[in-house]
Amino acid sequence: MTEPTIYELSSTGRVGVEYPLPDVPLTDFPVELLREDLPLPELSEVDVVRHFTHLSSLNYCIDTGLYPLGSCTMKYNPKINEETARLPGFAHTHPLQPAETVQVNLALMFELQEFLKEISGFAGVCLEPAAGAQGEMVGVMIIRAYHRSRGDSKRVKMLIPDSAHGTNPASSAMSGFEVVPVPSDASGNVDLAALKAICDDTVAGLMLTNPNTLGLFDENVLEVIKTVHAAGGLVYGDGANLNALLGIARPGDLGFDLMHFNLHKTFSTPHGGGGPGSGPVGVTKKLIDFLPTPVVAVIEEGSEELPPLYGFTTPKQTIGRVKSFYGQFGMIVRAFTYIRMQGPDGLKKVSQYAVLNANYLLSRLQGAYVLPYKRRCMHEFVLEGCWADAPEVHAMDVAKRLMDYKFHPPTNYFPLIVHEALMIEPTETESMQTLDLFADAMLKIAEEAHTHPELLKSAPHDTPISRLDEVKAAKDLVLCCWIPEDN
Ligand SMILES: *Cc1c(COP(=O)(O)O)cnc(C)c1O
């Protein structure tokens, strides 16, 4: 079944609005500006409203159900974030307004920088990067600028564990580094012996995700960081998985030199087609001068009568500007709201429940699915979506079948080091009832994989469009939903 397009619903002569005759004299419109043929659909207002309201309900989103997309932290986005981001004083500011006229915006940015410093244990934060991937790029550029500032130009290698997100090697390669993979050991930690063998004075740094993309906290993280530091390298933290650590461990305290935050993951700003991301970067004291420009600072201390004066500053050895204006301001307001609403205890509970929820799900699914790294997980875990005794079934089939059970599928085929990976991250915002429904569906699918594999192979069955050829969809993209018949 395909949905009718608005053109197919069109009925000649039907109108949505009838304009009154104008009360000014009519003049001829310059005809050369008119198109000869403009085949617009003809519909009534209610036709249009029903059509688009129906289409909008075809989207699966966090407001309609569980979204266990591993690594993406698809937590519920509290509506109060939207309320504050839409306050006219925030929503209607122009980015070219002089700083004196936007002091509250600057105060909010400054406070968010302070919150992120406190949460992460870093000494400086810049809110400018527009996404996690751009934060990584900024981090890698800072690492290079730091080594260069010391006249150390032989450091050309960036070490990246084989469990890393693809953006890590991409950011490093784009910044001109040679990417050197570091293997994981049998427990899913960085292989220490391999790391020690690679570390020398050509290493610029290591990009480490902790907990890593297997959802495992690296048991040797202190040793890993010490090893890289001993070789003169810096350690970059991919902060995408910070949702496991809030109020429990601070990357700055663990010895990381710099890290990006994903405001759209950990701090509940909408993402995944729902809005722009935001990837602020935090650094230790010795890297503060390299941060991108601008950073918000107090220019003049306040007094009892007067609030402080805020302004934009440029770090002394800045890597420069990485985005127009000042970052994704709307996301900054949302993340600020979320942090203020949670408070320190609330944030700690966020991580405790995120980890508890993931472990609860893991305990229900383990056994029916192969768990390649048999450890307690953090905020997410990775299973194999295949079985030796059901050889025709793949992770993709499990994911597609979940759609028949009205759940968004988990992340598939990532991380690359797990065969037929299904990466599941329930987040803290799901109730036990929802987790149980999801677990029931996953267990049913594991059973079907053995008894009725064809049900999985042909899924999904009752979505508006059945299984897509994803390669063709990507390579042969049709951006126009309707092509006139005579074309
Ligand atoms: C999401 C993610 C990124 C990239 O962040 P974006 O904001 O999507 O650019 C990097 N690393 C990991 C582990 C992630 O999950």
Side-chain angles (χ1 to χ4, degrees), residues 62 67-75 77 116 120 126-141 158-175 179 181-182 184 188 190 205-218 221 235-245 251 256 258-282 322-323 327-328 330-332 334-335 351 354 358 377-382 410-418 421-427:
I62 193 66
Y67 213 126
L69 203 56
S71 212
C72 296
T73 313
M74 304 299 285
K75 62 172 73 178
N77 312 131
L116 294 178
S120 63
C126 173
L127 301 174
E128 193 175 271
Q134 201 189 17
E136 288 173 31
M137 177 108 175
V138 162
V140 169
M141 287 165 75
M158 193 60 70
L159 310 184
I160 300 188
D162 57 5
S163 58
H165 194 270
T167 48
N168 291 189
S171 305
S172 302
M174 278 180 76
S175 306
V179 173
V182 187
S184 304
V190 167
L206 165 77
M207 296 183 86
L208 187 66
T209 315
N210 191 38
N212 65 18
T213 64
L214 297 164
L216 301 174
F217 192 92
D218 197 303
V221 64
V235 180
Y236 181 87
D238 177 333
N241 291 344
L242 193 64
N243 211 44
L245 303 183
F256 284 88
L258 67 176
M259 183 190 88
H260 77 258
F261 304 80
N262 299 65
L263 297 190
H264 47 290
K265 294 179 181 173
T266 315
F267 300 103
S268 84
T269 75
H271 61 307
S278 181
V281 170
V322 296
K323 189 189 172 299
Q328 309 279 26
M331 296 302 130
I332 290 169
R334 287 173 174 88
S351 286
C377 68
M378 297 292 285
H379 65 304
E380 65 189 355
F381 57 93
V382 184
T411 298
N412 272 202
Y413 300 115
F414 173 70
L416 302 175
I417 55 172
V418 172
L422 288 173
M423 185 195 215
I424 301 174
E425 179 180 9
T427 83

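Fair warning: this is a prediction, and the values are worked out from it, not measured in the lab. All ligand and atom numbering here is 1-based and tracks the order in the structure.
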- Using only heavy-atom distances, determine whether the side chains of Thr73 and Glu425 contain a donor-acceptor pair under 3.5 Å. yes
### Query
Should Val418 and Met423 count as side-chain neighbours, where that means a heavy-atom distance under 4.5 Å?
no
Hits for side-chain contact (heavy atoms from CB on, under 4.5 Å) against Thr269, two or more places apart or cross-chain, chain-then-number order -> Leu263, His264, Met331, Arg334, Ala335
Contacts of Phe217 meeting ring-ring contact (aromatic ring centres under 6.0 Å, His included) (sequence neighbours excluded), chain-then-number -> none
With side chains defined as the heavy atoms from C-beta onward, is the minimum distance between Thr209 and Ser163 less than 4.5 Å?
-> no
By ring-ring contact (aromatic ring centres under 6.0 Å, His included), Tyr67 pairs with (sequence neighbours left out) Tyr60, His408
Present, as a list of atom pairs with distances to 0.1 Å, all nitrogen or oxygen contacts under 3.5 Å between ligand 1 and the protein.
unit_1, atom_1, unit_2, atom_2, d
ligand 1, 5 (O), Asn262, ND2, 3.1
ligand 1, 7 (O), Gly132, N, 2.7
ligand 1, 7 (O), Asn262, ND2, 3.2
ligand 1, 7 (O), His264, NE2, 2.6
ligand 1, 9 (O), Gly132, N, 3.4
ligand 1, 9 (O), Ala133, N, 2.8
ligand 1, 11 (N), Asp238, OD1, 3.3
ligand 1, 11 (N), Asp238, OD2, 2.5
ligand 1, 15 (O), Ser71, O, 2.9
ligand 1, 15 (O), Ser71, OG, 2.5
ligand 1, 15 (O), Lys265, NZ, 2.8

